[in-house]
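For reference, the structure is listed below as structure tokens.
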Amino acid sequence: QVQLRESGGGLVQAGGSLRLSCAASGGTFSSYAMGWFHQAPGRERELVAAITSGGSTNYADSVKGRFTISRDNAKNTVYLQMNSLRPEDTAVYYCGASGGRRWLSRSHYDYWGQGTQVTVSS
């Protein structure tokens, strides 16, 4: 029902910043939990950050203190502010939407965007 489209990825030097955006259409955006995931070559897709319809957040240990997830329901958009980037953050970043009661695992997400590449050079 919902369609997602990520943007904002690119190539940055270590220590730099990027802001990813995910625009949603279809469904009722404000009722979904939203998440950001990354997938590096040879690795599984992993949860980076998530936010519920009520604004509760959850972060992977590796990004706590560096990344911030937020949402703007008036714009049907979720953001990921990425600061102090490290080479190990290099991956394809995906936006996901969860229409159910659970929101802390990849398996809880029903809809996905196409992904945007983030590359951090040293």
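With hydrogens and angles disregarded, no donor-acceptor distance shorter than 3.5 Å links the side chain of Gln81 to the backbone of Thr68. The backbone N or O of Gln39 lies less than 3.5 Å from no partner atom in the side chain of Tyr94, so there is not a single donor-acceptor pair. Distance alone, capped at 3.5 Å, places no donor-acceptor pair between the Gln1 side chain and the Gly26 backbone. Put simply, the side chain of Thr77 gets close to the backbone of Lys75: a donor and an acceptor are under 3.5 Å apart. Gln114 places no side-chain N or O within 3.5 Å of a backbone atom of Arg5 that could act as its donor or acceptor partner.
Proximity of Phe37 to Glu46: side-chain heavy atoms (C-beta onward) are nowhere separated by under 4.5 Å. A heavy-atom distance below 4.5 Å is not found between the side chains of Thr90 and Val118.
Among residue pairs with one or both ends in residues 14-35, those qualifying as side chain to side chain donor-acceptor pair (under 3.5 Å) are Ser17-Asn83; sequence neighbours excluded.
Cluster annotation: Phe67 and Leu20 are assigned to the same hydrophobic cluster (Ile/Leu/Val/Met/Phe/Trp/Tyr, side-chain heavy-atom contacts under 4.5 Å, transitive).
The side-chain hydrogen bond (donor to acceptor under 3.5 Å, both in side chains) search around Thr119 returns Gln117, not counting sequence neighbours. Judged as a salt bridge (Lys or Arg N to Asp or Glu O under 4.0 Å), and not counting sequence neighbours, the contacts of Arg66 are Asp89. Applying the side-chain hydrogen bond (donor to acceptor under 3.5 Å, both in side chains) rule to Gln13 yields the partners Ser121; only residues at least two apart in sequence or on another chain are considered.
Of all non-hydrogen atoms in Cys22 and Met34, the two that sit nearest each other are SG-CE, 4.4 Å. Shortest non-hydrogen contact noted between His108 and Trp103 is ND1-N, 3.4 Å. Of all heavy-atom pairs between Val78 and Phe29, the closest is N-CZ, 4.1 Å.
Through ILVMFWY side-chain contacts below 4.5 Å, Leu11 is grouped with nothing and stands alone.
The OG1 atom of Thr116 lies 7.5 Å from the CH2 atom of Trp36; values are rounded to the nearest 0.5 Å. In this structure, OH in Tyr79 is found 5.0 Å from CG in Asp72, a value given to the nearest 0.5 Å. In this structure, OG in Ser62 is found 8.0 Å from CZ in Arg86, a value given to the nearest 0.5 Å.
Taking the ring axis of Tyr109 as reference, the NZ or CZ atom of Arg45 does not stay both within 45° of it and closer than 6.0 Å to the ring centre.
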Report, one line per pair, each donor and acceptor closer than 3.5 Å where one atom sits in a side chain of residues 48-58; sequence neighbours left out.
unit_1, atom_1, unit_2, atom_2, d
Thr52, OG1, Gly54, N, 3.2
Thr52, OG1, Gly55, N, 3.2
Thr52, OG1, Ser56, N, 3.1

